[in-house]
Number of protein chains: 2
Amino acid sequence: MANLKQLAQSLGLSVTTVSRALDGYSDVSAATRQRVQEAADKAGYRPNASARRLRKQRAELVAVTLPSEPGHIGPLHFLDMLSGCAEHLAGAGLNLVIAPVPHGESELDMCRRFVDGRRVDAMLLVRTKRHDERVEFLQSRGFPFVTNGRTESVIQHPYIDGDGFSGFNAATLRFHRDGHRRIAHVGAPQEYFFAHARRQGWEAAMRECGLATDLDLQQAPTEQGGYEAALALLARSDRPTAIVCATDEMAIGVLRALREVDGGLSISVIGHDDLPIGAFTSPALSTMRMTGGNLGRSFASLLLRTIAGEPAETLQELHAIEFVDRDSHRLPPIAA
Amino acid sequence: MANLKQLAQSLGLSVTTVSRALDGYSDVSAATRQRVQEAADKAGYRPNASARRLRKQRAELVAVTLPSEPGHIGPLHFLDMLSGCAEHLAGAGLNLVIAPVPHGESELDMCRRFVDGRRVDAMLLVRTKRHDERVEFLQSRGFPFVTNGRTESVIQHPYIDGDGFSGFNAATLRFHRDGHRRIAHVGAPQEYFFAHARRQGWEAAMRECGLATDLDLQQAPTEQGGYEAALALLARSDRPTAIVCATDEMAIGVLRALREVDGGLSISVIGHDDLPIGAFTSPALSTMRMTGGNLGRSFASLLLRTIAGEPAETLQELHAIEFVDRDSHRLPPIAA
DNA sequence: AGGATCATCCAAAACGTTTTGGGAGTCAAT
DNA sequence: ATTGACTCCCAAAACGTTTTGGATGATCCT
């Protein structure tokens, strides 16, 4: 209702003084400041956000891209993360806008819109690819951004990621220690960094154990993708006795295939992400997850520090992976 | 990089003309428009969002409040809905900001910040209470908003809601038809409209059947809340043979209690919301859900029409509830 | 020729802030 | 009395757009 001019007029002061009083500058007397503060409170005055943004050349917004393409929308615990991120950003006066890619527009176009229209101060990218055109674009513009997941970009950039290689390496080695020899990998498209890293971890472990790496399939990172991959594996004469899955969604699809073909759990399975849903599947899904606590808070912090101009090298978090052992990984290797 | 002034200068035109050319006004010649358009494309020009917002007195933003308080963050399929909503809003040039309530601030304070600071053009409220102070505030300001869920406000406002009364009424009557006589209700705090409506539906059915309505408990709308309510019910001498639960999360907690106390499904259970997770519980959770297709799209449409000034009465959607029958509701009444 | 109509363009105002670059006035030291 | 330092305040510019209210010619009609 009230703007600065009206407020100033009603106080017999200039807009400058009122503005500076409210912003806590030292060149306004304590008495005046108090008078201004009270009047502002009484009038319920809040500075017009658009005006301030224009003047300060900051959008006070951060956008997060939501890939709506394969299967569902990102990991399912995403909203919790975003909510935490938004809350911490709000503490610094930034709001978080969610930006699903509109039908008929590429994710790159969307970045362009946000960046060139100065709609946001930074971007949060999820589901990075090994060669990610969004990353390249933002780097070419010198625009602040943080990714969830690494890339193979030669120029460094801020990211938070789990050490998928080590996680899948360890999971595979553990299967080997448990006596498994035919350990399959059900992966996601290798253009995604996370999918590639996880597959590499599996592959390195297999080589280390002197095992062949041909029990390997890629599918869409969805329940359906996992289902189809499992069907293909079950049809082989050299069936695996254990399967490591790139994502929990895929692992759940694998469990469904096992139920349908063998009537239950006939092969050990482990997933990745620790979706809440995994606790309720039968058998309960064994999985892995990133350590590191409040992810949303970390993203918010990295975004703020990126905007503040900290160099990318100091803004990279690689978190260890830990096992979440439930029931699906415990089958002896001779089950088939 | 480029702003209107620079673009105009490089073309030997005024900013007025360039602006109007790009906006498709008819008072600029076709030749000039083309010339401008091409130059703008080449320069990758996009109008500065803050400047336009200030001038047009529109924030081009809509905020959705995320209640982070009880249990998890809203229904778990929330992100899909929000994503759909954001996508359709984007088609009209609006972005969606997610606004979790910051620590130590009330949801009302947050509304105030957004409204009085003109940070958004409309708000989307979820988890309405019967008497909702956010609704009252927005109404007092004459500010556009849409709620997910009704309220008991005397002044009408736009909403989308499921007909919880009828859904719970029908579910209870069906249990009765199946022979159940001791049908319990595990509800959420009655200050929430949805919780009250659902309880009323159950209660009306019980009365209609001439049954007592004392098998009735309220708890937090979380898995834990459902668990605790079920423990209390199972300890009674007049145990129920069927339970209708206000939410799927609560129903899942009830299933856990049944497993722990009776070692499996000993009582019929039905939930509400059709969480994806329900398909994976054992037994698979029978539930209900709102009909009506793409919820996000509907919210976006209502928001746009509210902003456009359509009267609230034409912007109210009450959707029927349908059963999603899986396994948990099929037990005969004498199971106990 | 004079007026009306039309097509095309533009200067300036406006949106509401924040920031710049001082301007008064007071007080103390010289 | 002048100078300098200090306190408190303010006018005006700036941010980049959209919109208002014409201005300038050209064309057409009578």
Side-chain angles (χ1 to χ4, degrees), chain A residues 1-37 39-40 43-61 93-95 113-121, chain B residues 1-37 39-40 43-61 93-95 113-121:
Chain A
M1 200 87 297
N3 61 20
L4 215 46
K5 200 199 284 192
Q6 292 161 8
L7 193 61
Q9 229 148 30
S10 80
L11 283 165
L13 290 169
S14 74
V15 289
T16 306
T17 301
V18 177
S19 172
R20 294 179 78 82
L22 293 174
D23 266 17
Y25 279 71
S26 65
D27 64 353
V28 31
S29 74
T32 311
R33 161 165 306 117
Q34 170 137 4
R35 205 158 61 92
V36 170
Q37 195 62 259
Y45 169 78
R46 320 255 169 168
N48 180 298
S50 299
R52 191 203 355 215
R53 287 165 177 167
L54 172 59
R55 174 62 232 227
K56 301 198 95 167
Q57 296 287 72
R58 298 200 282 105
E60 298 180 350
L61 291 172
L94 297 181
N95 285 117
R113 267 222 334 273
F114 276 102
V115 171
D116 290 340
R118 300 235 165 37
R119 308 180 94 83
V120 295
D121 297 322
Chain B
M1 202 86 296
N3 62 16
L4 215 46
K5 200 199 282 193
Q6 292 162 7
L7 194 60
Q9 228 148 31
S10 80
L11 282 164
L13 289 169
S14 74
V15 288
T16 307
T17 302
V18 176
S19 172
R20 295 179 77 82
L22 292 174
D23 266 16
Y25 281 71
S26 65
D27 66 349
V28 32
S29 75
T32 312
R33 162 166 305 119
Q34 169 135 7
R35 207 158 60 91
V36 170
Q37 193 62 260
Y45 169 77
R46 320 252 170 173
N48 180 297
S50 299
R52 191 203 356 217
R53 287 165 177 167
L54 173 59
R55 175 62 232 227
K56 302 198 96 170
Q57 297 286 74
R58 299 200 279 104
E60 298 180 351
L61 291 173
L94 296 181
N95 284 117
R113 267 224 331 273
F114 276 101
V115 171
D116 290 340
R118 301 238 166 33
R119 308 180 94 84
V120 295
D121 297 322

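Proteins get letters first, then strands, A, B, ... in listed order; numbering begins at 1 in each.
Here the side chains of B/Y45 and B/L22 are in contact, with some heavy-atom distance below 4.5 Å. Two residues are said to be in side-chain contact when any heavy atoms from C-beta on lie closer than 4.5 Å; A/L11 and A/V36 meet this criterion.
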- Query: Could you run down nucleotides 4-12 of chain D 5' to 3' and tag each one B, S or - for protein heavy-atom contact under 4.0 Å?
  - Reply: ----BBBBB

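Between A/Y25 and C/dT19, a side-chain N or O to OP1/OP2 separation shorter than 4.0 Å is present. At the phosphate of C/dG16, OP1 or OP2 sits under 4.0 Å from a side-chain N or O atom of B/Q57. Using a 4.0 Å cut-off, no side-chain N or O of A/Q6 falls inside it from OP1 or OP2 of C/dG16.
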- Item | Derivation and outcome, side-chain contact (heavy atoms from CB on, under 4.5 Å), residues A/L61 and B/L61 | CA-CA 11 Å; A/L61 291 172; B/L61 291 173; 3.9 Å; yes

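When all heavy atoms of B/A59 and B/D121 are compared, the pair lying nearest together is N-OD1, 2.8 Å. Annotation for B/R46 and A/D116: closest pair CG-CB, 3.4 Å, computed over non-hydrogen atoms.
The CZ atom of B/R58 sits 21 Å away from the P atom of C/dA14 (whole-angstrom rounding). With rounding to whole Å, A/N3 atom CG is found 14 Å from C/dT18 atom C1'. To the nearest angstrom, P of C/dC9 lies 16 Å from CG of B/D23. Computed from coordinates, the B/K5 NZ to D/dT18 P distance equals 15 Å when rounded to whole Å. The interatomic distance linking B/K56 (NZ) with C/dG16 (C1') rounds to 18 Å, in whole Å. When rounded to the nearest whole Å, the span between CZ of B/R55 and P of C/dT17 equals 16 Å.
Residues satisfying the salt bridge (Lys or Arg N to Asp or Glu O under 4.0 Å) test with A/R33, not counting sequence neighbours, are none.
Between the OG atom in A/S19 and the CG atom in A/L7 there is a gap of 10.5 Å [rounded to 0.5 Å]. Atom CD of A/Q57 is separated from atom CG of B/N48 by 6.5 Å, given to the nearest 0.5 angstrom.
Contacts with DNA chain D (heavy atom under 4.0 Å) in residues 44-54 of chain B: B/Y45, B/P47, B/N48, B/A51, B/R52, listed by number.
For the pair A/N3 (side chain) and A/K5 (backbone), a donor-acceptor distance under 3.5 Å is present.
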